[in-house]
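Heads up: the structure comes next, in structure tokens.
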Amino acid sequence: MILIITAITPEANAVLSEFPMKKKELTFPLYESEDGAMRLLVTGPGKLSAAMAVTAYLTRYDFSAGDVFCNLGICGGSDNTVIGEGYFCAALTDHSTGKALYPELYTHPFPEACLITSDAPVTTAPANSGPEGNLPLLYDMEAYGVASALYRSILPSHCFFYKVVSDFCNGSFPSPEEITGLIRPHLKKLLTFLSDHETHLIDELTVGSSHTRIIASLTEELMDSLPFSTTMERKLTELITYALSIGMTRDDLFSALPARTDTPHKKREALTRLEALEHFVKNPSATVKSADSIHPASAPFFATPQAEKKLLRPFRHIYVEREVLSHTVTKQFIERFKHASVIPIDHYKDVFNRSRQNLRAQETEPALILAANRGTLFYPGAPVCQSFGEEHFMYTSCIMNCLYDCDYCYLQGMYPSGTMVVFVNLEDYFKELDRLLEMHPVYLCCSYDSDLTALCGVLPHAEAFCRYALSHPDLRLELRTKSAALPFIRQLPAAKNIVMAFTLSPQEIISRYEHYTPSLNARLNTAKEAAKKGFSLRLCFDPVLDVPNAAELYTTLVDETFSVLSPEEIADISLGVFRLSKDYIKQLKKAKPSCAFSHYPYTLSDGVCHYDTNRCDELLNTVKEALYRHRITNDKLFIWTPEESGEGDSHADK
């Protein structure tokens, strides 16, 4: 269902003249089409009336997760607008309080603007309210009130604010007939977009509901009337979800179950059934044909086509803290992305920490926030990250979130948003580094919470840290990457205190789980160039993932690696199994509910989820033995094991 929200009767008349509807309600006029697919709410003028009417509607009427809401109306415009032009609002500011709300906008065919909601008609533009970004500025009396009411119950990605310029805030207002005439030409295109968006939302819900029904049905079958406790049933559901996500079938699961018996100990029989299933899904490759390969075609249950993602296309929206609008990095970046909407904000958390964000949509079309980091700039290395024997091991997050989209990445559990935050005040980072280096040498990892090297073509951060390291020999800098940035490697002067650390995965895992990243061959060729140039080269077989045929995949990976690189070119090798904080696992399930890594039956120790000890040993020994065959000695190996989770090693998946 689509709900159109207007403030005054002339706006509503435009909709009614194009889409005949019957009146349903008298308190706040509400109209509905015969098929029930569209409703029209007339709130009355003003922010308070709008908020009350929308709240009353949401209280009295049921709404589904696929409904779409659009506030449609006239507005005043700044001098760079055109009478009759329509805009989607990318920012809604309450003039009386200065508070702002930021709608989630993705690909659409309309121009954008920032909007200020005033408590009275604007006849002259309020002081100091001119546009600071590159978007026009609009003025109305309702949008902020509508948004405040909607966002309490409705996902922001379901809400749109479309305004048509009717005047230039000079006291000259259009007549009722003129208002209706201004709105009508926009309705067909707007309603087509809203209808398409509704269809997309319903399709997503249908797929999700279908998966849920299948899992619930299988859970009921596998319980087979045995007395499973609530905890056992929850674990069974997790096992089924994981099994389906790696390509197992219903028949595979039933083949793992022990035969029913006549024993009176039904609770014990239920537990035995659960244990047998867990053992089976952890060791599928020997018996399950459907799981012999991890190619996407082998997992039809959760297989969804990945949208093509180009590196320079995603940044359609750039939010910029007002404090850094004039910063050199900001200007350079905005110049690079001239067609992006630049939206001024007070603080990056106003956008980054919004509630109920659509992380799935942000994966394929992320926005960018340019900000200044005024908090802690450098942190001690985390317990699940390898310190490589360094005493003063630190990391920094000068960019949060990554251009790549790896299914197992901890960032999806760590952050509430898929929006990338770039801290542009690098000068403050280097000033703090100067202070730290006066006290002791520093081993610094600057590419944990984002792949800086992958962004080297559009942001200066990776190169800036490298050039700083060139003149500070007491700093040992690690750049962890999955990129294949040959131009970046070639333009930098080499230095042994710069560690280029390449994360390597089997090509099958790259194809299925490491979306938008370069191929294994491209990474190896770039690593070869880094070694030839004179950088310290680290290879990271980390995380090693427990997938079907893992032994074969990782043995082949090591062989392919040393068909390109020689042992003499490698400074050291990082090796570790997949591990993630239990809190991040919970968030990962919400972000990617169909992802295998969300539902694997992990072992939990000291708050870290990892494979059980035997499986960890099997995976690590497989890779170690392959490395030994290529003349890699133990003095070059740094290995993370579950026993070290309390000592010093999180972010091992970059």
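Just so you know, these numbers use all the heavy atoms, side chains as well, and skip hydrogens, waters and symmetry mates.
- Counting heavy atoms from C-beta outward, Ile116 and Leu137 have side chains that approach closer than 4.5 Å.
- Taking the side chain as every heavy atom from C-beta outward, Cys398 and Tyr429 approach each other to under 4.5 Å.
- The two residues Asp346 and Glu321 have their closest heavy-atom pair at O-CG, 4.0 Å.
- Contact of the Asp451 side chain with the Lys482 side chain is registered, since non-hydrogen atoms from C-beta on lie closer than 4.5 Å.
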Apply side-chain contact (heavy atoms from CB on, under 4.5 Å) to residues His515 and Tyr404 and explain how you reach the verdict. CA-CA 6 Å; His515 309 300; Tyr404 299 142; over 6 Å; no

For Leu115 and Thr93: C-alpha separation, side-chain torsions, deciding distance, then whether side-chain contact (heavy atoms from CB on, under 4.5 Å) applies. CA-CA 6 Å; Leu115 182 139; Thr93 302; over 6 Å; no

Which is it for Tyr106 and Asn358 under the side chain to side chain donor-acceptor pair (under 3.5 Å) test, yes or no, and what are the steps along the way? CA-CA 10 Å; Tyr106 303 103; Asn358 189 335; 5.3 Å; no

Stepwise, does the side chain to side chain donor-acceptor pair (under 3.5 Å) test hold for Thr180 with Asn13? CA-CA 6 Å; Thr180 301; Asn13 286 341; 4.7 Å; no

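- Nearest heavy atoms, Val342 versus Leu135: O-CG, 3.9 Å.
- Between the CD1 atom in Ile240 and the OG atom in Ser217 there is a gap of 9.0 Å [rounded to 0.5 Å].
- From Phe423, atom CZ reaches atom CZ of Arg374 across 10.5 Å, with rounding to the nearest 0.5 Å.
- The pair Lys188-Glu18 fails the salt-bridge criterion, with no side-chain N (NZ, NE, NH1 or NH2) lying under 4.0 Å from an Asp/Glu carboxylate O.
- Inter-residue side-chain proximity for Leu138 and Tyr87 is flagged as met; some heavy-atom pair is nearer than 4.5 Å.
- Among all heavy-atom pairs drawn from Pro344 and Cys114, the shortest one is CD-SG, 4.4 Å.
- Counting non-hydrogen atoms of other residues, nucleotides and ligands closer than 6.0 Å to CZ of Arg152 gives a total of 12 or fewer.
- Atom CG of Leu16 is separated from atom CG of Leu187 by 10.0 Å, given to the nearest 0.5 angstrom.
- Here the shortest heavy-atom pairing between Leu58 and Ala149 reads CD1-O, 3.8 Å.
- Of the possible donor and acceptor atoms, one in the side chain of His599 sits under 3.5 Å from a partner among the backbone N and O of Pro593.
- Looking at Leu244 and Leu218, their side chains come closer than 4.5 Å, going by heavy atoms from C-beta outward.
- Asp67 and Ser64 share a side-chain donor-acceptor pair at under 3.5 Å.
- Side-chain contact of Thr97 with Asp94: a donor-acceptor pair under 3.5 Å is present, judged by distance alone.
- Residues in residues 58-84 take part in these ring pair (Phe, Tyr, Trp, His ring centres under 6.0 Å) pairs, two or more places apart or across chains: Tyr57-Tyr61.
- Between Phe352 and Tyr319, a ring centre-to-centre spacing not shorter than 6.0 Å is recorded.
- Between the side chains of Gln362 and Gln357, a donor-acceptor pair is found at a separation under 3.5 Å.
- Summarising the local packing, CE of Met52 is surrounded by 12 or fewer heavy atoms from other residues, nucleotides or ligands at distances under 6.0 Å.
- For Tyr242 and Tyr600, the ring centers sit closer than 6.0 Å to each other.
- Within a 6.0 Å radius of CD in Glu220, other residues, nucleotides and ligands contribute 12 heavy atoms or fewer.
- Under 3.5 Å, the side chains of Asp119 and His95 contain no donor-acceptor pair of N or O atoms.
- Proximity of Pro109 to Lys189: side-chain heavy atoms (C-beta onward) are separated by under 4.5 Å at one or more points.
- Applying the ring pair (Phe, Tyr, Trp, His ring centres under 6.0 Å) definition to pairs two or more places apart or across chains, those involving residues 159-182 are Phe88-Phe160, Phe88-Tyr162, Phe110-Tyr162, Phe160-Phe193, Phe160-His197, Tyr162-His186.
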Can you check side-chain contact (heavy atoms from CB on, under 4.5 Å) on Ser49 and Glu142, steps first, answer last? CA-CA 8 Å; Ser49 292; Glu142 292 82 27; over 6 Å; no

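- In summary, the side chains of Glu112 and His317 do present a donor paired with an acceptor at a separation below 3.5 Å, with no hydrogens or angles considered.
- A donor-acceptor pair under 3.5 Å is formed between the side chain of Ser17 and the backbone N or O of Ala14.
- Shortest non-hydrogen contact noted between Pro416 and Asn353 is CG-OD1, 3.7 Å.
- Using a distance-only test at 3.5 Å, with no hydrogens or angles considered, no donor-acceptor pair links the side chain of Ser33 to the main chain of Met21.
- In the displayed structure, Asp35 atom CG is contacted under 6.0 Å by more than 12 heavy atoms of other residues, nucleotides or ligands.
- Within the model, atoms SG of Cys70 and CD1 of Ile5 stand 8.0 Å from one another, a figure rounded to the nearest 0.5 Å.
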Run the salt bridge (charged side-chain N to carboxylate O under 4.0 Å, His left out) check on Arg184 and Glu11 step by step: do they pass? CA-CA 9 Å; Arg184 286 184 63 181; Glu11 296 168 344; over 6 Å; no

Any chance you could lay out the side chain to side chain donor-acceptor pair (under 3.5 Å) test for Glu514 and Tyr408, step after step, and finish with the verdict? CA-CA 8 Å; Glu514 298 180 2; Tyr408 54 80; 2.6 Å; yes

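- Counted by atom type alone, Asp167 and Tyr139 present zero donor-acceptor pairs between their side chains at under 3.5 Å.
- Although no hydrogens or angles enter the test, the distance criterion places a donor-acceptor pair under 3.5 Å between the side chain of Thr199 and the main chain of Ser195.
- Closest approach of Asn425 and Ala372 over heavy atoms only: OD1-CA, 3.5 Å.
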Using the rule given for side-chain contact (heavy atoms from CB on, under 4.5 Å), can you reason through Leu411 versus Cys402, listing the C-alpha separation, both sets of side-chain angles and the distance that settles it, and then say yes or no? CA-CA 8 Å; Leu411 294 176; Cys402 186; 3.9 Å; yes

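- Side-chain contact check for Glu365 and Thr107: at least one donor-acceptor pair (N or O, by modelled atom type) lies under 3.5 Å.
- Side-chain contact, Lys163 with Asn71: a donor N or O sits under 3.5 Å from an acceptor N or O.
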Verdict with supporting geometry, Asp407 and Lys592, salt bridge (charged side-chain N to carboxylate O under 4.0 Å, His left out): CA-CA 8 Å; Asp407 284 346; Lys592 290 191 173 179; 2.7 Å; yes

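- Using a distance-only test at 3.5 Å, with no hydrogens or angles considered, no donor-acceptor pair links the side chain of Ser397 to the main chain of Ile399.
- When side chains are defined from C-beta on, Tyr31 counts as touching Pro29, because their heavy atoms get closer than 4.5 Å.
- Atom-to-atom distance recorded for Tyr584:OH and Met414:CE is 4.5 Å, nearest 0.5 angstrom.
- Counting non-hydrogen atoms of neighbouring residues, nucleotides and ligands closer than 6.0 angstrom, the NZ atom of Lys23 exceeds 12 such neighbours.
- In this structure, Thr396 OG1 and Asp449 CG are separated by 8.5 Å, a value rounded to the nearest 0.5 Å.
- Counting heavy atoms from C-beta on, the side chains of Thr6 and Thr43 never come closer than 4.5 Å.
- There is no side-chain donor-acceptor pair under 3.5 Å between Asn373 and Tyr348.
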